[in-house]
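Protein chains get the first letters and strands the later ones, always in sequence-line order, with residue 1 at the start of each.
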Amino acid sequence: MYVTTAIPYVNGRPHIGHVMDYLLADVWARWQKQKNGGELDLRFSAGTDEHGNKNAQKAREQGMEPQEFADNMSAEFVKLVDRLNVGHTDFVRTTDVRHVATVQKIWQKLADAKSPDGQRLIYKGSYEGWYCEGCEGFVTEKEAEENGFVCPDHKKPLVKLKEENYFLRASAFSERIREAIESGEMQIVPEFRAKEFLNLIRDGLADVSVTRPRRSLSWGVPVPGDEEQVIYVWIDALANYLTAIGYPDSGNWADFWPADLQVIGKDILRFHAGIWPAILLGLDLPLPRRFLVHGYVTIGGEKMSKSIGNVVDPFEIIDRFGVDALRYYFLRHIPTFDDGDFTWEKFEAAYNGELANDLGNLVSRVAKMCEKYNFSPRPSSQISAPRGRCSPNLSSQVGANSPSAVACRMPLGPDFAQKMDALRFSDAVDWVWGEIQKLNRLVDERKPWVLAKDEGKLDELHGVLRELCEGLMLFGKMLAPFLPETSAKVLSIFGTDGVKYSGEILFPKKYMKD
RNA sequence: CGCGGGGUAGAGCAGCCUGGUAGCUCGUGUGGCUCAUAACCACAAGGUCGUUGGUUCAAAUCCAACCCCCGCAACCA
């Protein structure tokens with residue numbers, strides 16, 4: 001099983017726009033693991049895209065060598081992934097020696113390959129476009145027009161420039177790729193993104209220039225056999241997905257390709273659904289099974305940008321509220337398929353109102369009642385024998401009818417599982433939260449504190465508590481992919497033989513004004 | 001006529017496919033409860049469901065036209 005995340009360009013520090021990729025991929029990976037009873041041979045790649053003029057330029061501005069600058073930035077992203085509690089297994093830097101080698105090998109294979117119609121897959125051509133001499137790079141037609149054909153950074157007029165470089169004959173695979181998308185062989189989720197892309201290529205894929213002359217792109221992987229040309233971002237960056245698993249001649253990469261899920265942002269769908277499949281087909285490799293395309297995070301309805309000065313630092317959120325709080329907000333309140341909005345006010349409201357009041361408080365009140373009313377799980381004849389996939393140590397160490405064992409064999413429910421399998425993660429959390437609210441309601445309806453006053457109602461009292469514990473175990477388990485730390489705490493409180501509560505407040509109330 | 005998404009209570013959203021008392025969360029007001037993190041629960045107020053017209057016994061839901069917002073429109077990682 002193989003899941004990938006897009007590799008961010010490291011010309012700036014990580015911001016909250018970067019976290020979606022990692023979190024969505026992580027949720028899926030944890031869900032898959034859970035479905036397989038904890039046993040899963042999983043590879044999970046992340047990385048950083050480090051070549052290119054913009055990075056080199058940024059480095060120069062700060063008086064650094066490009067590599068030194070990239071080292072610093074890449075380290076920040078490694079730190080982010082770790083602090084997000086994302087379980088990646090591989091991290092590819094495009095400046096890694098092994099990656100450079102992979103890119104060159106891929107290049108060589110593509111250069112040797114023929115397209116289905118018998119033509120060379122890589123050919124020399126010329127690319128013409130609007131060019132900024134300050135940026136040392138091309139800009140899109142649209143971008144050029146929007147800025148009045150003047151570079152906004154350098155205030156210099158753009159010039160039409162024509163360059164010699166190598167092209168990838170992506171056009172030869174137009175039909176093949178269209179079919180793969182339409183048939184679901186290469187699924188794009190959500191579907192409207194697939195439609196968007198199909199519409200874009202209705203006249204066929206265009207060939208794409210995949211190199212730059214050395215004089216205009218100094219920092220990159222040289223084209224094997226042509227020192228005058230440097231491999232441009234497309235092949236360099238996309239190849240990271242293959243580097244991670246050791247393609248073409250190390251490790252057991254064939255066990256992990258095609259990728260099961262590639263998580264990307266909406267801005268890079270076209271590269272992943274067009275150029276990337278063309279490269280793969282050129283290499284005679286199968287296409288990825290599924291893409292999850294997420295949207296953008298806005299700040300108070302506005303696009304996040306340095307010029308507006310509204311960039312939010314994910315580390316700050318984690319420092320103040322903890323990693324699960326961050327995961328919770330971005331996974332539930334940023335819709336999985338659409339753009340979503342972040343403000344500190346909204347974040348605080350979700351933290352206090354949902355994590356602290358709904359879930360945290362429920363855990364406290366149920367745990368305390370269990371202690372106070374001496375509830376310890378007892379065999380109950382109504383509960384059937386354990387079956388299904390449970391981690392063996394959990395079900396064997398504790399009584400067959402303890403809440404943990406019960407929760408363990410409880411199916412996660414079709415409502416929840418369907419949403420998860422359809423990658424509708426934010427809907428899945430919504431659903432779980434509805435169930436958590438029902439448990440709070442149950443407490444008020446059954447009033448255990450009243451039952452406790454009547455000795456004749458001991459069975460009823462314990463019945464209610466059992467129901468609550470089982471519910472918390474079940475929903476705790478469902479939350480595992482989203483809130484790993486919290487889930488583990490809930491499962492350990494209600495999952496031991498007898499409820500063991502240290503009195504820890506799961507989500508202490510927090511206000512920004514403090 | 002480029003393609004697509006959307007316009008539903010103060011805010012954020014669901015409902016629309018498969019027409020029939022307009023629902024959820026937050027916020028506001030009132031009440032209840034005491035197991036709990038001043039938490040929890042109940043009730044209430046609040047909506048011409050973008051506009052206009054059509055089909056129908058009945059339209060947020062189907063059809064047509066129009067208005068407004070937002071993505072996409074291939075070398076922006």
request  = Summarise protein proximity over nucleotides 9-16 of chain B in one line of letters, 5' to 3': B for base, S for sugar-phosphate only, - for none, counting protein heavy atoms closer than 4.0 Å.
outcome  = --------
Below 4.0 Å: OP1/OP2 of B:rA39 and any side-chain N or O of A:Lys509 = yes
inquiry  = Just to be sure I understand the rule, does A:Gly360 reach a base, reach only the sugar-phosphate, or reach nothing, if contact means heavy atoms closer than 4.0 Å?
reply    = base
message = If you compare every side-chain N and O of A:Asn357 against the phosphate oxygens of B:rC40 (OP1, OP2), does one of them come in below 4.0 Å?
response = yes
query = Between B:rU37 and A:Lys368, is there an OP1 or OP2 to side-chain N/O distance shorter than 4.0 Å?
reply = yes
message = Work out how far the C1' atom of B:rG5 is from that of B:rG50, and round it to whole angstrom.
response = 15 Å
query = Checking all strands, does A:Thr140 fall into the base, sugar-phosphate, or nothing category for heavy-atom contacts under 4.0 angstrom?
reply = sugar-phosphate
query = With a non-hydrogen cut-off below 4.0 angstrom, is A:Phe271 in contact with a base, only sugar-phosphate, or nothing?
reply = base
ask   = With no hydrogens and no angle check, do the side chains of A:Thr94 and A:Asp236 hold a donor and an acceptor under 3.5 Å apart?
value = no
request  = With P as the reference atom in both, quote the distance from B:rG10 to B:rG47 in angstrom, rounded to an integer.
outcome  = 8 Å
ask   = So what does A:Asn11 touch, heavy atoms closer than 4.0 Å: a base, only the sugar-phosphate, or nothing?
value = nothing
inquiry  = Are there runs of at least three consecutive Watson-Crick or G-U pairs touching RNA chain B, with each pair's two distances under 3.5 angstrom? Give them by first number.
reply    = B:2-7 with B:67-72, B:10-13 with B:23-26, B:28-32 with B:40-44, B:50-54 with B:62-66
ask   = Can you check the A:Lys54 NZ to B:rC76 C1' distance for me, whole Å?
value = 6 Å
query = When all nucleic acid strands are considered with a 4.0 Å heavy-atom cut-off, which category describes A:Tyr127: base, sugar-phosphate, or nothing?
reply = base
Atom C1', compared across B:rA9 and B:rC1: separation rounded to whole Å = 37 Å
ask   = With a 4.0 Å cut-off on heavy atoms, is A:Leu506 in touch with a base, just the backbone sugar-phosphate, or nothing at all?
value = base
key: Quiz item: cation-pi between A:Arg424 and A:Trp431, 6.0 Å / 45°   = no
message = Taking atom types as they are modelled, would you say the side chain of A:Asn361 forms a donor-acceptor pair with the base of B:rA36 within the 3.5 Å cutoff?
response = yes
Phosphate-side-chain proximity, A:Arg441 and B:rA42, N/O vs OP1/OP2 below 4.0 Å = yes
query = Is a salt bridge present between A:Arg176 and A:Glu179, judged by a nitrogen-to-oxygen distance below 4.0 Å?
reply = no
inquiry  = Using a 4.0 Å heavy-atom cut-off, does A:Trp433 contact any base of the nucleic acid, only the sugar-phosphate backbone, or nothing at all?
reply    = nothing
task = For A:Ala356, answer base if it contacts any base atom (sugar-phosphate contacts may also be present), sugar-phosphate if it contacts only those atoms, and nothing otherwise; contact means non-hydrogen atoms under 4.0 Å.
result = base
inquiry  = Heavy atoms only, 4.0 Å cut-off, all strands: where does A:Val363 land among base, sugar-phosphate and nothing?
reply    = nothing
inquiry  = Base, sugar-phosphate or nothing for A:Lys438? Non-hydrogen atoms, less than 4.0 Å.
reply    = nothing
task = Report yes if at least one side-chain N or O of A:Lys447 is closer than 4.0 Å to OP1 or OP2 of B:rG32; otherwise report no.
result = no
task = Assign A:Pro8 to base, sugar-phosphate, or nothing according to its heavy-atom contacts below 4.0 angstrom with the strands shown.
result = sugar-phosphate
task = Please state whether the phosphate of B:rU37, meaning OP1 or OP2, lies under 4.0 angstrom from any side-chain nitrogen or oxygen of A:Tyr511.
result = no
request  = Report which part of the nucleic acid A:His272 touches: base, sugar-phosphate, or nothing (heavy-atom distance under 4.0 Å, all strands).
outcome  = base
